[in-house]
Structure formats: structure tokens, C-alpha cells
Amino acid sequence: MAAKQHKALVIVESPAKARKIGEYLGKDYIVLASMGHVRDLPSGAAEVPAELKKEQWATLGVNIDQQFEPVYVVPKDKKKTVKELKDALKTCSELILATDEDREGESIGWHLMKLLEPKVPVSRMVFSEITKDAIQKAIRNTRELDQNLVEAQETRRVVDRLYGYRLSPLLWKKVAPRLSAGRVQSVAVRVLVRRELERLAFRKGSYWDLKAALATASSARFDAALATVGGQRVAQGRDFDESTGRLKTDADVLLLDEAQSKALQTKLEESRDWVVSNVETRLQTRKPYPPFTTSTLQQEANRKLGLSARETMQIAQRLYENGFITYMRTDSVSLSQEAISASRACVTNRYGQEFLHPEVRQYTTKSKSAQEAHEAIRPAGVEMKTAEELSLNGREGALYAMIWKRTVATQMAEAQLRFQTVTIGTLDVEFRATGRHVEFAGFFRAYVEGSDDPEGALEDSEAALPPMEKGQQLTCKEVQALAHETKPPARYTEATLVKTLEEEGIGRPSTYASIIGTIQDRGYVRKQGNQLVPTFTAMAVTKLLEKNFSRLVDLQFTARMEQDLDDIANGQAERLPYLKSFYSGETGLDEQVKQNEAGIDPREACTLDIDGVNAKVRLGKFGAFFEGEREGQLVTATIPDDIAPADLTNELAEKLITQKSQGPQSLGIDPESGLPIFLLIGPFGPYLQLGEMKDGEKPRRVSIPKTRDVSTVKLEDALEYMKLPKTLGPHPETGKVVKAGIGMYGPYVHHDKTYKSLDKTDDILQMTMERALELLAQARVRVPVAPLKELGAHPVDGDPVQIFEGKYGPYIKHGKTNATIPKDRELDSVTIEEAVRLLDERVAKGGGSTGRRGGKKVTKKAAAKKAAASAELVTPKKAAPKKKAAKKATKKSVT
DNA sequence: CAGTGAGCGAGCTTCCGCTTGACTT
């Protein structure tokens with residue numbers, strides 16, 4: 001008796017948006033969220049509809065013989081959403097598609113229509129800011145779905161699928177299983193690899209110069225740097241060629257070495273005649289930076305707050321969901337009227353009229369690929385409350401404060417700076433000093449990019465010089481000779497990589513963070529502090545792609561694709577000719593892959609020629625290794641995991657190969673057993689072994705802690721390490737023994753049931769009872785949690801079955817198996833029989849019973865299993881060193 | 001918890017872009 005109410009169903013993409021829009025539209029509308037895309041190409045064999053499985057193109061999900069017709073499926077995690085939307089539509093008399101106003105949003109709208117098969121009128125509503133006015137206006141001005149835009153999206157989707165799913169399998173065959181290639185990731189990796197090669201080619205250059213501390217009669221001292229000698233400019237870093245480490249041939253400069261600079265220093269120290277020969281002043285105005293987009297927010301949060309792109313997005317998501325900021329995935333720098341007037345009011349109140357920019361400042365997006373479906377990231381609403389006023393603290397507060405400052409600053413006055421360059425002459429030598437003075441702080445008052453503390457930054461920038469005029473006499477307090485070395489081009493960080501990708505139009509706001517995740521998960525990149533370091537695998541894959549698919553890994557590929565997609569969106573081109581030219585024919589992707597499948601030698605693809613290193617670098621199943629020759633024999637030697645490609649030197653290669661060819665080196669003989677002690681390197685790092693391997697019998701082994709420099713381990717210490725675990729003595733309180741040893745997770749002390757890892761600064765060989773007690777006192781005491789209820793013994797093994805309170809509500813525990821209790825279930829009425837049934841169901845479902853910190857391989861498998869979302873999937877036996885779970889499991893690899 | 005760069009092998013891996021909860025000591 002569902003008397004059809006005359007309500008309209010409005011579908012947007014995000015639930016937070018749905019809530020807000022629901023408020024503005026009132027009770028005649030039901031506003032729901034699609035949660036992004038609702039249909040997609042099948043992601044793998046498991047999702048391909050049964051009737052298509054036997055098709056050649058099944059796993060592509062695109063019928064390449066029939067006009068590249070895509071196969072669309074509703075992914076498992078979207079089934080629920082789709083059902084909810086269908087149910088809601090049954091009660092409505094109108095459907096309004098209010099997905100984002102961009103290519104992807106238009107497509108989501110179209111897919112929704114295909115899926116929901118509405119029998120009621122459908123319209124398309126768009127808006128770019130979420131205010132009551134804007135929404136009400138938008139709903140009065142609906143339009144039709146734009147089929148051209150939908151087609152452009154589908155073309156994008158198909159190109160990405162064909163690119164990724166044709167090239168990746170080629171990499172599996174030629175380089176290593178589970179690798180991947182893609183329009184975005186392969187270019188990202190290539191960017192990192194090219195920089196690494198520049199670093200590899202880099203040769204250090206060194207030069208000297210002088211620094212003089214000078215002062216006027218009345219001023220404090222200031223520094224000036226040597227500029228010219230005898231009229232010739234003195235060499236600086238930029239005069240050096242990075243690949244030779246020598247002066248560029250066209251550089252007409254004077255290169256000073258140590259002796260020359262020190263001689264000059266002595267000479268100048270005696271000079272009493274220092275005169276200002278020139279004073280130049282230049283005024284500069286600085287405009288505030290545009291408000292944040294996803295990309296600039298990620299860059300700035302990485303620089304200022306040390307957050308990864310992913311962390312930034314997680315925090316921003318929370319701020320957005322709680323209504324503190326506008327939508328965080330955007331490529332637009334435009335601010336709504338609401339935001340502009342709120343910011344201007346805020347500037348006047350907080351800093352005064354003089355700090356307000358006289359006119360409204362609006363920014364326009366430069367990026368060509370921008371789609372601008374949202375406004376810039378800014379504090380939501382009209383009040384412009386500060387983080388303190390909103391009681392935000394921690395990382396949320398810090399990120400919000402950054403957004404607040406950047407937004408408010410956009411409406412502030414320009415900053416006025418005065419730069420001064422003073423040239424000082426003495427003998428035949430010139431020195432130069434530059435000063436900067438902030439004439440008017442303007443927006444600096446609120447915000448200085450790259451600096452966390454505007455006030456402090458203002459003072460720093462006050463490196464002004466004392467007033468000086470031409471001909472003025474100065475006194476010299478000190479002259480120093482300084483050595484300099486040129487530095488290789490810096491590795492990319494998350495911030496600089498995101499910046500580069502955005503500039504090239506590669507990737508979208510919603511994907512910057514996940515790109516960085518993907519290239520790490522696939523083992524192309526490793527993070528070292530803030531640096532992104534490409535691996536040898538990345539080098540090999542990039543080499544293969546550059547050589548055989550140069551068009552596809554060109555930085556311009558995406559930009560060109562975007563132009564074609566624009567043409568399709570404008571109705572000036574069609575998808576089919578574009579897809580054909582990309583995939584089919586002589587020069588198409590299909591043919592290229594086929595040729596290379598036959599043509600590429602896997603052994604060659606896995607071999608790298610490194611400039612300056614005689615040995616070959618090759619990729620094996622267990623990582624990269626050197627292959628060299630000793631006495632006519634091929635010798636292979638593992639390259640340690642923490643060695644980056646640019647760190648390779650011929651010396652390192654020779655050393656490792658020699659070591660390997662000589663076999664295990666004995667550090668000496670253990671006097672007790674008479675056996676030699678070997679220093680060896682295994683998959684988990686260096687370790688010591690007493691005696692040779694005998695069949696069946698494993699010799700005694702002990703790891704060397706990561707904190708210890710292996711080259712300093714001599715027989716004496718080796719003997720000490722071999723004594724581990726050793727007893728330190730009885731615990732003064734319990735009388736039970738306290739031990740020190742090295743285990744899976746590194747060096748530890750142990751007492752009773754408590755284990756505690758040593759600090760980085762502790763040396764296990766120097767461990768004393770006193771320090772051990774200190775460490776044990778720090779150990780987290782495991783208080784056994786009392787069960788909520790005992791259900792009795794399990795019928796199979798007699799172990800107890802108990803109910804515990806967990807983070808997500810009560811659960812049943814038996815051994816290592818946990819099972820959820822259905823939400824609506826009364827705890828008191830759960831019987832042992834029911835509990836056993838729930839536990840069995842849990843086991844049958846798979847997963848869940850393995851401890852997270854258990855065996856490392858188990859953890860990985862469990863995670864891989866989850867990802868595959870397939871119940872009976874058997875994970876292959878081959879150990880994959882870098883996989884999905886790698887992020888969470890990295891800690892395990894520490895000895 | 002350990003020395004390799006691979007021998008047999010069914011069926012699997014993989015893309016980009018849009019969006020949240022998911023589930024469990």
C-alpha cells in the first residue's frame with residue numbers, strides 16, 4: 001500500500017553532501033549518495049559474467065572486436081548502495097541526478113539511470129557550491145544528461161583499461177609477476193627513475209669562497225660574500241656541470257681552491273680599506289597564493305606538517321564530514337561569493353582595514369586538465385572560525401589552520417618588500433651583501449608559504465642591511481674561507497611528485513594519494529624518510545617501456561589524450577576512431593604488445609647497465625644482484641635492500657662480488673667448540689653462524705642488530721653475540737631470571753612473561769641488569785581482559801568459549817577465532833551451541849582467525865586474500881617480497 | 001629466522017577514478 005508520495009529522489013556522490021543538500025531542499029526531496037561510481041568494468045576474472053568468461057577479451061572487460069563495447073558490472077561493495085537507491089526510487093515520482101559537474105560525475109549519473117531504469121521523469125542538476133541559494137537555484141534549472149561527456153568518460157575508462165591490462169601481463173612475462181603498468185603510474189615511476197639516473201650521473205664539484213663580516217660605524221655586523229677577484233666572477237654551484245663535476249666550459253669564472261682562498265683570506269684580513277662601491281635597491285610586491293586545491297594542500301601539508309598525501313586526505317575527510325571545510329578533492333582555486341565576503345569580513349575584524357585588499361581577489365585555475373566541479377578547499381560556512389574557536393587540535397587543527405590562513409590571506413593586501421644589494425670593494429676584490437626588508441607585511445601577517453609560524457617568518461625575513469651609501473667606509477671584523485660542494489638534484493618527495501604530476505595534468509585530485517600508494521605497493525618505489533626512491537625493478541620496467549612503448553610513457557601522453565577527450569565531449573570527435581587509433585592497426589597497442597611479447601628477451605629486460613659500474617645489475621626473484629666475474633667464474637652477489645640505484649659505485653660492486661667469491665669469511669675460531677664463526681648475510685640481514693652447515697643439522701645462528709655497523713664486528717664481539725640469549729641474573733623482586741637476546745623483532749630483554757625491545761641507543765652486548773630492569777619497567781603490562789561472559793568448554797577441544805567486549809561491540813572468542821554476535825542479539829541468551837555455530841561459520845568464511853602479528857607470510861596471505869575477495873583463493877606459494885600488505889607488515893622485516 | 005637469482009604447474013596477478021565504511025585483540 002505504498003501510496004506513492006510525490007517526492008523527488010536526488011542522488012549526489014557523497015553522503016556528507018547529501019545531508020547538507022537535504023537540509024536545503026526540505027521534505028519534498030529524498031537526497032541519497034551513490035558513493036562514487038556504481039558500475040565499472042570487471043576488475044578481474046572473478047567479476048566477469050559467466051557467459052563471457054570464454055571470450056578472448058573477457059578479462060579486459062572490453063569487447064575489442066565489437067566497437068570496444070564495455071562490460072559493466074556492479075562491484076560487490078556497491079550492491080548494497082544500488083539496492084538502497086532502487087528501493088528509494090520506488091517511493092518517488094521524480095529522479096534528479098545531482099552528481100558532480102565533471103566528466104566522471106556525468107558518467108555516474110548516466111550509469112545510475114541505466115541501473116535504476118526509472119519509470120519517472122529524470123533530470124540532471126548541477127551546482128558548484130553548496131549554499132541554500134545555489135542549491136535552490138540549481139534545482140529550478142535542471143538539464144538533460146550530456147551524452148557526449150558520458151562518452152568521453154567511457155573513452156577515458158577504456159583507454160586506461162587497455163593500457164593497464166595489456167601492458168601489465170607483458171611485464172609479468174618479461175620482468176616479474178604482479179607488476180603493473182598504467183597511464184598514470186608508469187609516468188610517475190618514470191619521473192622518479194629519470195631523477196635517479198641524473199643522480200647516478202652526477203659528479204661532485206667543489207669550490208671555495210670567502211665570507212666577510214662587515215660593519216658600519218654604528219651598525220651590528222653583517223655578512224657579505226666574495227663576488228669578484230680582479231674583475232672576474234668567482235665560481236658558484238651553478239657554474240658546475242652536474243654530470244662531470246667540472247666547471248661548465250662556457251663559464252668565464254674564477255675557480256678558487258683551498259690554498260688560493262686561504263691566501264686571499266690572509267691578504268684581505270690585513271686590508272683596512274673596505275668601501276661601499278654600489279648600492280642597489282629594488283621594491284617588490286608579493287601577492288597571496290591561491291586558495292588550496294587537493295594538490296597544493298597535499299604539498300603544503302607534506303612540507304609544513306610532514307604528512308603524507310594519504311594522511312592529509314584522511315584528516316581532510318574528517319574535517320569535511322564534520323562540516324569544517326568544503327570538499328577536499330578539487331582542482332579549482334575559485335572561491336564562492338560566500339567565502340570571499342566571509343574572508344573579507346574576517347580580515348577587517350582581525351587585522352584591520354589596512355590589511356584588506358581593496359578589491360575582491362578571485363583566482364583562476366591555470367591547469368588545463370582541471371574540471372572544476374567544486375570550489376577551492378576552504379573553511380566551510382560564513383563564519384571563518386579559527387581552529388581554536390572550533391576547538392580543533394592535533395593534526396586536524398594544524399591542517400585546518402593551514403586552510404584557514406590560506407583562505408583568509410587571499411583577500412589580504414599585497415606584501416611590500418625592499419631588497420638591497422650592496423657591493424663592497426677592497427684591494428682588487430668585490431664582496432656582495434643582500435638584505436631584505438618587509439616594508440608592509442600585508443598577507444604575510446596571516447600566512448607565509450612553507451613556514452609554520454608567520455610571526456617568526458616575518459622576523460627571519462627581516463634580514464635587512466644597515467643603511468649604507470656609496471663611498472662609505474666599512475670595517476672588516478672577520479674573513480672566513482669556506483669550502484663548498486655541489487649537490488646532486490634532490491630526489492622527489494610526495495609533495496614534489498604530486499606537484500609535477502598535476503603540472504603535467506597526470507592523475508586527478510582523488511588519485512594523487514593513491515598513486516603514491518600504488519607505486520610503493522608494486523615495489524617500484526620505497527620511501528626513505530621523505531624521499532621517494534625508485535627501486536631496481538622501477539629502473540628495469542621504465543627501461544622496457546621507454547624502449548618499446550615510448551609514446552605511452554611520454555609525459556605528454558595524458559595531455560594529448562585529454563585534448564581528444566575534450567573533442568569528444570564537445571561533440572567534435574567520436575570515441576570509436578580514437579580508440580581504434582589507440583589500440584588497433586599497425587601502430588596500435590595490440591600489435592605493439594604482440595610484437596614485444598615475441599621480441600623482448602626477459603633476461604635482457606631484467607639486466608641493467610649502470611654507468612660507471614663494471615658488473616651487471618640483474619633482477620632476480622629475491623631482489624637485485626650484481627653479476628660479475630672472478631677467475632673466469634660467474635659470481636652473483638645480492639645488493640642490500642637499502643642501497644638505492646644512485647648509490648651504486650663500482651667499488652661497492654667489486655667489494656660485494658669479491659666477498660661472495662671468497663665464500664663465507666670466518667671471523668676466527670670459537671675457542672670453546674673449536675668451530676669457525678662466519679659472518680653471513682641472509683634475507684633478514686647480517687648474521688653470525690657457528691660452524692658449517694651440516695646435513696639436517698642447523699648450526700647455531702644469531703642476528704646482528706640493525707643498529708650495529710657490521711664492518712666493526714670482530715671475533716671478540718662475535719663470540720659475545722653467540723652467547724645470546726644470556727642470563728643477566730635473578731630479578732630482584734620475583735627472583736625469576738632476566739635474559740637478554742636477539743629475536744625476530746631485534747634485541748630484547750625478557751623476564752617472566754614480559755618481553756621488551758631495546759632502544760636504538762642500547763647495545764645488547766653492554767646490557768646490564770640495571771638497564772634491563774629499566775626497560776622492563778617501560779614494557780606495556782598486558783592486563784588480561786576479563787571476559788564479559790563464560791559460555792563453557794568447546795565441544796571439540798574443551799577450550800573455553802568466551803564473550804569479550806571489542807572495539808565494535810561484543811564478540812565470541814575461542815582460541816584464536818573470533819566471531820561477531822549479531823547486532824540485535826541479547827548477550828545473555830547466547831548459548832554455547834549458538835556460539836559454536838557462529839564460530840564455525842566464521843572459520844568457514846575464512847580469514848579472521850589469523851593473528852595480525854603472527855607469522856609474516858600468514859599476514860600477507862590473509863591480506864592478499866581479503867583483497868582478492870574470493871573465498872577459496874589459494875595464494876601462490878611464491879613469496880612476493882613487496883605486496884599489498886607490505887605497508888602494515890614492514891615492521892616485521894626488522895630482523 | 002637464513003644463502004637463492006630456478007625444474008614441474010592451475011589459475012591468478014593488472015588499470016584509473018569516483019566515493020565510504022569495512023569489521024573485529
Side-chain angles (χ1 to χ4, degrees), chain A residues 12-17 33-38 40-41 43-46 59-61 77-78 80-81 99-100 102-105 107-108 153 156-172 177-186 317 321 329 507-511 514-515 518 522 606 618-625 627 636-638 660 664 680-687 689 693 698 701-703 743-744 782 785 804-811 813 816 818-820 842 847-848 851-853 855-856 864 866-868 870 873-877 880 883 895:
Chain A
V12 297
E13 292 179 40
S14 140
K17 233 187 249 179
S34 75
M35 312 275 193
H37 277 290
V38 284
D40 193 10
L41 303 175
S43 70
T59 49
L60 284 179
D77 60 330
K78 287 292 164 57
K80 199 172 143 216
T81 310
T99 45
D100 294 349
D102 57 18
R103 201 162 62 209
E104 298 296 325
S107 168
I108 294 173
Q153 191 279 343
R156 196 278 304 157
R157 183 68 190 89
V158 170
V159 166
D160 282 336
R161 169 53 62 95
L162 295 173
Y163 186 134
Y165 275 37
R166 286 306 309 271
L167 287 188
S168 300
L170 185 69
L171 297 180
W172 305 339
R178 272 177 281 274
L179 291 177
S180 60
R183 172 176 57 84
V184 171
Q185 59 170 285
S186 294
Q317 175 89 27
E321 280 171 8
R329 287 185 276 263
R508 301 278 310 133
S510 66
T511 60
S514 54
I515 293 164
T518 301
R522 301 279 169 271
C606 289
R618 301 194 48 213
L619 284 171
K621 199 169 170 184
F622 308 104
F625 60 96
E627 189 177 83
T636 62
T638 303
K660 181 69 185 295
L680 302 161
I681 295 172
F684 309 105
Y687 66 100
Q689 176 173 300
M693 280 281 273
K698 268 192 188 173
R701 287 168 170 160
V702 61
S703 286
M744 277 217 288
R782 271 180 188 250
V785 185
F804 283 93
E805 182 62 42
K807 201 156 73 177
Y808 310 94
Y811 63 96
K813 184 176 187 67
K816 282 182 176 170
N818 299 317
T820 314
R842 179 74 203 142
R852 281 224 122 166
R853 287 164 196 279
K856 57 190 196 306
K866 248 187 202 164
S870 159
L873 173 94
V874 179
T875 317
K877 251 192 125 173
K883 289 220 321 209
T895 330

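Reminder, nothing fancy here: chain letters follow the sequence lines and each chain counts from 1. Because the structure is predicted, anything quoted here is derived from the model rather than measured.
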Base, sugar-phosphate or nothing for [X]? Non-hydrogen atoms, less than 4.0 Å.
X        : answer
A:Gly164 : base
A:Tyr163 : nothing
A:Gly507 : sugar-phosphate
A:Ser43  : base
A:Arg183 : sugar-phosphate
A:Ala33  : nothing
A:Glu627 : nothing
A:Asp40  : base
A:Pro169 : base
A:Leu171 : nothing

Could you tell me the separation between the [atom1] atom of [X] and the [atom2] atom of [N], rounded to a whole number of Å?
X        : N      : atom1 : atom2 : result
A:Arg178 : B:dG11 : CZ    : P     : 17 Å
A:Lys78  : B:dG17 : NZ    : P     : 15 Å
A:Leu619 : B:dA6  : CG    : C1'   : 15 Å
A:Gln185 : B:dT14 : CD    : C1'   : 8 Å
A:Leu170 : B:dT13 : CG    : C1'   : 14 Å
A:Ile108 : B:dC18 : CD1   : C1'   : 5 Å
A:Leu41  : B:dT14 : CG    : P     : 16 Å
A:Arg618 : B:dA6  : CZ    : C1'   : 11 Å

Looking only at side-chain N and O atoms, does [X] come under 4.0 Å of OP1 or OP2 in [N]?
X        : N      : value
A:Gln689 : B:dA2  : no
A:Thr636 : B:dG5  : no
A:Ser14  : B:dT20 : yes
A:Thr511 : B:dC16 : no
A:Gln153 : B:dG17 : no
A:Arg329 : B:dC18 : no
A:Arg522 : B:dC15 : yes

TODO: Please state the C1' separation for the pair B:dG9 and B:dT13 - nearest whole angstrom.
DONE: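 Looking at atom C1' only, B:dG9 and B:dT13 are 16 Å apart.
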Counting side-chain heavy atoms from CB outward, which of [options] is closest to [X]?
X        : options                : value
A:Glu321 : B:dG21, B:dT13, B:dT19 : B:dG21
A:Glu104 : B:dT13, B:dG17, B:dT19 : B:dG17
A:Ser180 : B:dT13, B:dG17, B:dT14 : B:dT14
A:Trp172 : B:dT14, B:dG17, B:dT19 : B:dT14
A:Pro15  : B:dC18, B:dT19, B:dG5  : B:dT19
A:Lys621 : B:dC16, B:dA6, B:dG17  : B:dA6
A:Tyr165 : B:dT14, B:dC16, B:dA6  : B:dT14
A:Asp100 : B:dG21, B:dT14, B:dC18 : B:dC18

- [ ] Tell me the stems DNA chain B sits in, counting at least three consecutive Watson-Crick or G-U wobble pairs, each under 3.5 Å on both distances.
- [x]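 For DNA chain B no paired stretch is long enough to count as a stem (3 pairs minimum).
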Open item on the list: So that I can tick it off, tell me whether A:Lys17 and A:Asp100 are bridged by a salt bridge, with the cut-off set at under 4.0 angstrom between side-chain N and carboxylate O.
Closed with: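 Here A:Asp100 pairs with A:Lys17 in a salt bridge, since their nearest N and O are under 4.0 Å apart.
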Do [X] and [N] share a donor-acceptor pair, side chain to base, under 3.5 Å?
X        : N      : value
A:Arg157 : B:dC15 : yes
A:Thr638 : B:dG5  : yes
A:Arg156 : B:dC16 : yes

TODO: Given side-chain contact (heavy atoms from CB on, under 4.5 Å), test A:Leu60 with A:Arg166 step by step and report yes or no.
DONE: CA-CA 8 Å; A:Leu60 284 179; A:Arg166 286 306 309 271; 4.0 Å; yes
Task: Candidate pair A:Asp77 and A:Met35, rule side-chain contact (heavy atoms from CB on, under 4.5 Å), full reasoning - done: CA-CA 10 Å; A:Asp77 60 330; A:Met35 312 275 193; over 6 Å; no
Task: Residues in side chain to side chain donor-acceptor pair (under 3.5 Å) contact with A:Asp102, at least two apart in sequence or another chain - done: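 Expected list: none.
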Task: Close side-chain approach of A:His37 and A:Gln153, heavy atoms under 4.5 Å - done: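 When only atoms from C-beta onward are counted, A:Gln153 and A:His37 do touch, with a gap below 4.5 Å.
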TODO: For residues A:Thr636 and A:Arg618, determine if any side-chain heavy atom of one lies less than 4.5 Å from a side-chain heavy atom of the other.
DONE: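 Counting from C-beta outward, A:Thr636 and A:Arg618 never come under 4.5 Å.
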Task: Residue pair A:Arg183, A:Arg156: steps toward the side-chain contact (heavy atoms from CB on, under 4.5 Å) verdict - done: CA-CA 10 Å; A:Arg183 172 176 57 84; A:Arg156 196 278 304 157; 3.8 Å; yes
Task: Syn/anti label of B:dC8 as read from its glycosidic torsion, with the cut at 90° from 0 - done: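 What B:dC8 shows is a syn base, its glycosidic angle lying within 90° of 0.
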Open item on the list: Using the side chain to side chain contact (heavy atoms under 4.5 Å, CB included) criterion, which residues pair with A:Ala624? Sequence neighbours excluded.
Closed with: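 Here the qualifying residues are A:Phe536, A:Val617, A:Leu619, A:Ile639.
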Open item on the list: Quick check against the 3.5 Å criterion: does A:Ser168 have a side-chain atom that pairs as donor or acceptor with the backbone of A:Tyr165?
Closed with: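 Here the side-chain-to-backbone pair does not exist.
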